[in-house]
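Here's the structure, in structure tokens; my notes come after.
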Amino acid sequence: MEVKIINKSHHALPAYATPLSAGMDLRANLDEPLVVEPFARVLVPTGLFIALPEGYEAQVRPRSGLALKHGLTVLNSPGTIDADYRGEVCVILANLSQQPFTVNDGERVAQMVVARHERVEWQPSEVLDATERGAGGFGHTGV
């Protein structure tokens, strides 16, 4: 699938790291380093603008290495970029650790997955079909 993209950053376009990768790394596009204080959140610009086709979204997700090693995550994970959005792709990065983290220009801060989605039409009803699970919610299977 081809997607139009404007790259106002000074970095290469996002690319898949391996042939079976689902996500492409997003890089920070910064004029100067950005410090993310413990338990704080920042908006990290990427310099990218995209035009997804109808029926698709881009999901902005955390990078597992940053999460494990530094406690950094994408706060609204996954962040959703709708097909009609034409603004800059940015990442809401949160630091869940007790140490400040410095984001440098070009650093890979998140990953982006492009996915198809469906739209629903609600059908008001008084009864739902029965299932084995029923209304079992959080922790209903034990453990």
Side-chain angles (χ1 to χ4, degrees), residues 1-123 125 128-143:
M1 169 175 64
E2 292 184 357
V3 174
K4 288 184 179 180
I5 186 167
I6 295 172
N7 185 359
K8 292 187 178 181
S9 80
H10 40 276
H11 307 292
L13 291 176
Y16 297 101
T18 68
L20 298 180
S21 293
M24 299 171 270
D25 287 335
L26 293 174
R27 294 181 181 275
N29 186 50
L30 302 170
D31 293 328
E32 57 188 39
L34 179 63
V35 177
V36 189
E37 296 295 338
F39 306 106
R41 60 191 176 273
V42 297
L43 190 63
V44 181
T46 67
L48 302 174
F49 301 76
I50 60 177
L52 293 168
E54 184 176 338
Y56 286 85
E57 66 164 328
Q59 299 173 359
V60 179
R61 301 176 178 180
R63 293 190 66 240
S64 57
L66 285 178
L68 178 64
K69 296 174 186 174
H70 303 287
L72 295 177
T73 191
V74 174
L75 190 58
N76 60 329
S77 181
T80 298
I81 302 167
D82 295 308
D84 59 353
Y85 176 68
R86 294 296 181 268
E88 182 176 10
V89 174
C90 292
V91 177
I92 303 172
L93 201 59
N95 182 352
L96 302 179
S97 79
Q98 296 180 5
Q99 302 298 322
F101 182 86
T102 301
V103 179
N104 293 298
D105 182 50
E107 187 156 3
R108 298 175 298 158
V109 293
Q111 58 181 320
M112 181 171 63
V113 174
V114 175
R116 178 178 287 280
H117 68 83
E118 298 293 331
R119 292 184 60 91
V120 301
E121 278 188 40
W122 296 112
Q123 293 183 308
S125 179
L128 301 177
D129 298 338
T131 65
E132 183 178 331
R133 178 177 179 174
F138 299 103
H140 80 281
T141 60
V143 185

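Only this structure's heavy atoms are used, side chains among them; waters, hydrogens and symmetry mates stay out. The structure presented is a predicted model; accordingly, all values stated were derived computationally and were not measured.
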Nearest heavy-atom pair of [X] and [Y]: which atoms, and what distance?
X: L96; Y: F39; answer: O-CE2, 3.5 Å
X: A83; Y: P53; answer: CB-O, 3.5 Å
X: A58; Y: I50; answer: CB-CD1, 4.2 Å
X: A110; Y: V60; answer: CB-CG1, 3.9 Å
X: C90; Y: P45; answer: SG-CA, 3.8 Å
X: T73; Y: P62; answer: OG1-CG, 3.4 Å

Say you draw a straight line from [atom1] of [X] to [atom2] of [Y]; how long is it, rounded to the nearest 0.5 Å?
X: L34; Y: E32; atom1: CG; atom2: CD; value: 8.5 Å
X: L52; Y: I5; atom1: CG; atom2: CD1; value: 9.5 Å
X: M112; Y: T46; atom1: CE; atom2: OG1; value: 8.0 Å
X: N95; Y: F101; atom1: CG; atom2: CZ; value: 8.5 Å
X: L75; Y: L43; atom1: CG; atom2: CG; value: 11.0 Å
X: L66; Y: L93; atom1: CG; atom2: CG; value: 7.0 Å

Any donor-acceptor pair under 3.5 Å from E57 side chain to A115 backbone: no
Side-chain donor or acceptor of R27 paired with backbone N/O of G106 under 3.5 Å: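 Flag set: sc R27 to bb G106 pair under 3.5 Å.
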Pair H11-D105, side-chain donor/acceptor within less than 3.5 Å: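 A donor-acceptor contact under 3.5 Å links the two side chains.
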Atom CG of L13 with >12 non-hydrogen neighbours under 6.0 angstrom: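 Atom CG in L13 is packed in, count exceeds 12.
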Qualifying residues under ring-ring contact (aromatic ring centres under 6.0 Å, His included), relative to H117, sequence neighbours excluded: none
By salt bridge (Lys or Arg N to Asp or Glu O under 4.0 Å) - contacts of D25 (at least two apart): R63, R108
Close side-chain approach of L48 and P14, heavy atoms under 4.5 Å: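 Yes, at least one pair of side-chain atoms sits under 4.5 Å.
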Side chain to side chain contact (heavy atoms under 4.5 Å, CB included) partners for K8, two or more places apart: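 For K8, the residues satisfying side chain to side chain contact (heavy atoms under 4.5 Å, CB included) (neighbours in sequence not counted) are I6, F49.
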